[in-house]
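Worksheet: one structure, shown below.
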Amino acid sequence: MDLTTLTIREAHEGLKNGDFTSVDLTKAYLKKIKDFDGELNAFLSVTEKLALEQAIRVDERIALSGVEGHDFSMLCGIPCAIKDAIMVEGEKCTAGSKILENYVAPYDATVIKKLKEQGAIILGKTNTDEFTMGSSTENSAFGVTKNPHDKTRVAGGSSGGSAAAVAANMACYTLGSDTGGSIRQPASLCGVVGLCPTYGAVSRYGLIAHASSLDQIGPFAKNIEDAKIVFDSIKGKDSMDATSAELNLESLNAKPYNLKAMRIGVPKEYFSEGVEPEVEKIIKSVIKKAEDAGAEIVGISLPSTEFALACYYVIDPSEISANLARFDGIKYGLSGPAENLLEVYLKSRGKGLGAEVKRRIMLGTYCLSSGYYDAYYKKAQEVRQLIREDFAKAFDLPAGGVDLLFCPVSPFPAFKIGEKINGPLSMYLADIYTIPTKLAGLPGLSLPVGKIGELPVGLQIIGNHFEENKILAIASELEKMLS
Ligand code: GLN
């Protein structure tokens, strides 16, 4: 039996029944990585020693639970991988950048602390666009991640490594981060489930910052149930992240959600000319199936959508220019002899940061400069408010609104490596359907619903703030219908 094809629940049952141990599972995944990652480049580092140590310890815990007759947590003994922008104590954390090539994380991110407490096994750190800026991992300083479905194509980004690792069974589940689409878009392109939680639902402590008002950690998984297990394990308020919040789970769980009782909004702006006809066809056929299953389908409009990309590319670089000011290259090996401190910065940042990161730092610095602040940054914040209001109106159920929105994740399936790398604007368009929700802080999920040839296509399910359970329940119903 190939242990790496099991879901979290299946692996958990196997561990419980003593069919195999966590060490067996871990070794099976490490072998997969050894055999396949040379070509795919989903991993920036493999933490073999840590993984095997963790697995040995966990097997003792599992054996003891058998003797003492109590259960162990669902993630206990299950191997995962972590985007290289999330800190795992004692392991390298490069964020895909040369400037952090020798940086070793001094502490665990809150999500890692939570996973470790549950007995998770960490196999390694996955590839990402530099500082999570990009949609293809081509901006990684350590090479592109290839799409397991077609190795001439990208895996998406920025969490391309995390998506590809799950798609190629090199990890049972992974964590990624989503600032403008970086979980949902690679999940869609690699044919796995990806959940971007509500802003604040999961602590950002220990995630290397891209744009702090947008960044969010979330899971990639083989199916909806696994995504829910991981999300439930990492969510919740954290005193180390003032923007984190507690979900009111009692009330969410109390309601059984099903398609029959759902009003599903289909925003017309998400089916514009840019979307490839084959993608549109697949998404529309799923919407039809949902309707046949009893959902009420409502055509709606989110009129400010057309401004979202422009708004994002003012706010995002502005926050980047502040967040990335701290990287001077001095501590982690990039600085050389220089005449003065300014020259140190110029040399080490010049060498250590890639073109896209530099572009955004310059854009952001410009937008925040005193002469242009009102014209760009302030204006973008006003537009962000309009986008929030569009969604608030759409989800206002008592006023005739809808429960969820269905739309594409990406206007196109996985594109060829190199196809968009020289045109930043065409790369930015990859996130045209994932960016608006982030500006409003909403949760969104990518569910694999079809293929164009070998290339997967994801349906995006968007919910109101903290309605992850509604999204997951409906996604699970659709997943069963489509299987
Ligand atoms: N592709 C978008 C960007 O480059 C989103 C990236 C992300 O979500 N981290 O900003």
Side-chain angles (χ1 to χ4, degrees), residues 82-86 95-97 126-140 144-145 154-163 174-190 194-199 202 204 207-220 308-321 323-324 353-364 367 380 384 409-412 414-415 419-421 423-446 458 460:
I82 309 296
K83 184 177 186 176
D84 206 26
I86 300 172
S97 182
T126 55
N127 201 3
T128 165
D129 283 294
E130 185 173 11
F131 287 105
T132 80
M133 296 170 205
S135 308
S136 65
T137 74
E138 289 168 289
N139 294 334
S140 165
V144 65
T145 296
V154 302
S158 62
S159 317
S162 288
T174 56
L175 294 186
S177 65
D178 192 312
T179 302
S182 280
I183 292 176
R184 293 158 290 162
Q185 187 259 13
S188 175
L189 270 46
C190 289
L195 171 68
C196 173
T198 307
Y199 181 77
V202 175
R204 288 181 295 113
L207 166 67
I208 293 179
H210 166 164
S212 306
S213 77
L214 298 156
D215 297 343
Q216 195 50 226
I217 295 174
F220 289 89
L309 212 58
C311 171
Y312 176 88
Y313 279 101
V314 171
I315 291 174
D316 176 87
S318 296
E319 295 187 19
I320 286 168
S321 71
N323 275 332
L324 269 70
L353 299 174
E356 182 61 26
V357 173
K358 285 180 187 156
R359 177 160 34 240
R360 295 201 196 187
I361 291 173
M362 286 188 272
L363 260 173
C367 292
R384 185 175 190 172
V409 173
S410 162
F412 32 71
F415 45 92
E419 189 183 318
K420 297 186 193 294
I421 196 65
L425 288 180
S426 73
M427 188 71 87
Y428 295 171
L429 281 170
D431 298 301
I432 190 156
Y433 303 138
T434 49
I435 274 175
T437 59
K438 287 316 305 263
L439 291 166
L442 295 166
L445 176 132
S446 178
Q460 183 171 202

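Atoms within a ligand are numbered from 1 in the order they appear, just like the ligands themselves. Computed from a predicted structure; not experimentally measured.
Atoms of ligand 1 found under 4.0 Å from any heavy atom of Thr132, numbered from 1 in the order shown, are 6 (C), 7 (C), 9 (N). Counting the atoms of ligand 1 from 1 in the order shown, those under 4.0 Å from a heavy atom of Ser158 are 9 (N). For ligand 1 and Gly180, the ligand atoms under 4.0 Å from any heavy atom of the residue are 5 (C), 7 (C), 8 (O). The ligand atoms of ligand 1 that sit less than 4.0 angstrom from a heavy atom of Asp178 are 8 (O). Within ligand 1, the atoms closer than 4.0 Å to a non-hydrogen atom of Ser135 are 1 (N), numbered from 1 in the order shown.
The proximity of His210 to ligand 1, defined as any non-hydrogen pair under 4.0 Å, is limited to the side chain. For Ser182, heavy-atom contacts with ligand 1 shorter than 4.0 Å involve the backbone as well as the side chain.
At least one donor-acceptor pair under 3.5 Å links the side chain of Lys358 to the backbone N or O of Leu353. For the pair Lys420 (side chain) and Ser426 (backbone), a donor-acceptor distance under 3.5 Å is absent. At least one donor-acceptor pair under 3.5 Å links the side chain of Asp129 to the backbone N or O of Asn139.
The shortest N or O to N or O distance between Met133 and ligand 1 is not below 3.5 Å.
In this structure, CD1 on Ile86 lies 4.0 Å from CD1 on Ile217, to the nearest 0.5 angstrom. Between Ser158 atom OG and Phe131 atom CZ the span is 12.0 Å, to the nearest 0.5 Å. Expressed to the nearest 0.5 Å, how far OH of Tyr433 lies from OG of Ser446 amounts to 14.0 Å.
The closest approach between Tyr312 and ligand 1 falls below 4.0 Å for a heavy atom of the residue. Using a 4.0 angstrom heavy-atom cutoff, Arg360 counts as in contact with ligand 1. Ligand 1 lies within reach of Tyr313, whose nearest heavy atom is under 4.0 Å from it.
The heavy atom nearest to atom 1 (N) of ligand 1, out of those in Asp431, Ile183, Asp316, Asn139, is found in Asp431.
Remark: the Gln185 side chain and the Ser410 side chain contain no N/O donor-acceptor pair separated by less than 3.5 Å.
Tested against Ser182, the residues Ser162, Cys196, Ser159 include a single side chain to side chain contact (heavy atoms under 4.5 Å, CB included) partner, Ser159.
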